[in-house]
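In what follows, a structure is listed as structure tokens, so that the remarks can point back to it.
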Amino acid sequence: MLTGEVGTGKTTLINYLLDWLRQRKMPTAFIFNSHLSANHLFDFILNDFGIPTDFKLKGNMFPQLNQWLIERSRTGCTPVLIVDEAQGLSLELLEEIRLLLNLETGFRELLQIVLVGQPELEDKLRRPQMRQLRQRISLRCSTRRSPLRKLTDTLRTGCVSRALNTAPSSPPNL
């Protein structure tokens with residue numbers, strides 16, 4: 001799980017991770033819209049992993065994903081699901097994600113999931129009904145705004161503000 005305030009580099013880290021995984025030919029799925037139904041979540045996951053689906057058989061998506069993950073596991077591959085803006089996920093979707101974490105063989109997990117969001121995600125996971133999901137999170141990281149970034153933002157804001165205040169009210173005659 002990766003959390004941090006807006007503007008602290010979470011998206012940059014996600015993009016770096018996605019590039020790194022793709023260079024290693026690791027199957028990835030990236031969910032960036034947290035306002036989904038459970039069916040839409042599975043639609044996006046299956047589509048991103050390139051798993052062909054029969055849209056008439058919506059209830060078949062979970063077993064279909066499980067079978068695909070087992071096939072990947074046989075080749076030594078563990079696909080990665082990255083969920084951005086996870087603080088916006090409903091409790092129902094967080095429960096669906098917890099169920100995905102239950103997909104495993106006797107030897108290994110079939111899917112790695114990275115939840116990324118603002119600090120409100122941590123608050124949501126502290127709720128009693130999220131205990132099982134919270135216990136399955138093995139790594140927690142957070143980003144912080146760097147002092148250099150603060151200085152850069154302050155200088156940029158100050159310079160822009162000063163430029164606006166000293167700019168002539170009408171364009172010069174050329």
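Treat the numbers as computed from the prediction; the structure is a model and nothing was measured.
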Give the minimum heavy-atom separation between [X] and [Y], together with the two atoms involved.
| X | Y | answer |
| --- | --- | --- |
| K124 | G88 | NZ-C, 4.1 Å |
| M26 | T78 | SD-O, 3.1 Å |
| L41 | L36 | CA-CD1, 4.1 Å |
| L121 | G117 | CD2-N, 4.1 Å |
| R144 | T8 | C-CG2, 3.8 Å |
| G4 | P119 | O-CD, 3.6 Å |

Are [X] and [Y] in one and the same hydrophobic cluster, where Ile, Leu, Val, Met, Phe, Trp and Tyr link if side-chain heavy atoms are under 4.5 Å apart?
| X | Y | value |
| --- | --- | --- |
| V80 | L111 | no |
| I113 | L17 | no |
| I14 | I137 | no |
| L69 | F30 | no |
| L21 | F32 | yes |

Taking [X] for its side chain and [Y] for its backbone only, find out whether a donor-acceptor pair lies under 3.5 Å.
| X | Y | answer |
| --- | --- | --- |
| N15 | T11 | yes |
| R134 | R127 | yes |
| E85 | S34 | no |

Side-chain touch [X]/[Y], heavy atoms, less than 4.5 angstrom:
| X | Y | result |
| --- | --- | --- |
| M130 | L94 | yes |
| L46 | M61 | yes |
| L81 | Q112 | no |
| S73 | R108 | yes |
| V83 | V116 | no |
| R72 | L110 | no |
| L115 | I97 | yes |

Looking at [atom1] of [X] and [atom2] of [Y], how far apart are the two atoms once the value is rounded to the nearest 0.5 Å?
| X | Y | atom1 | atom2 | value |
| --- | --- | --- | --- | --- |
| L101 | Q135 | CG | CD | 12.5 Å |
| M1 | S142 | CE | OG | 9.0 Å |
| E122 | Q87 | CD | CD | 11.0 Å |
| I45 | H40 | CD1 | NE2 | 13.0 Å |
| L93 | H35 | CG | NE2 | 10.5 Å |

Please check if atom CD in E5 has more than 12 non-hydrogen atoms from other residues, nucleotides or ligands closer than 6.0 Å.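 No - once you tally the heavy atoms of other residues, nucleotides and ligands closer than 6.0 Å, there are 12 at most.
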Neighbour count >12 (heavy atoms, 6.0 Å) for atom CZ, F49: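 Yes, enclosed.
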Below 4.0 angstrom, N of the basic side chain to O of the carboxylate: do E95 and R98 qualify?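 Between R98 and E95 there is a salt bridge, with a charged N closer than 4.0 Å to a carboxylate O.
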Tell me, please, which residues at least two apart from E104 pass salt bridge (Lys or Arg N to Asp or Glu O under 4.0 Å).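 E104 satisfies salt bridge (Lys or Arg N to Asp or Glu O under 4.0 Å) with R136 only.
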What residues form a salt bridge (Lys or Arg N to Asp or Glu O under 4.0 Å) with D123, not counting sequence neighbours? R126
Exactly one candidate in L18, T28, L2 meets side-chain contact (heavy atoms from CB on, under 4.5 Å) with I82; the answer is L18
Among I51, N47, L100, find the residue that satisfies the side-chain contact (heavy atoms from CB on, under 4.5 Å) test when tested with F42.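 Answer after filtering I51, N47, L100: L100.
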Could you work out, with side chain to side chain contact (heavy atoms under 4.5 Å, CB included) as the rule, every residue matching Q23, not counting sequence neighbours? none
Intermediate values then yes/no, side chain to side chain contact (heavy atoms under 4.5 Å, CB included), Q118 and T3: CA-CA 5 Å; Q118 296 170 19; T3 58; over 6 Å; no
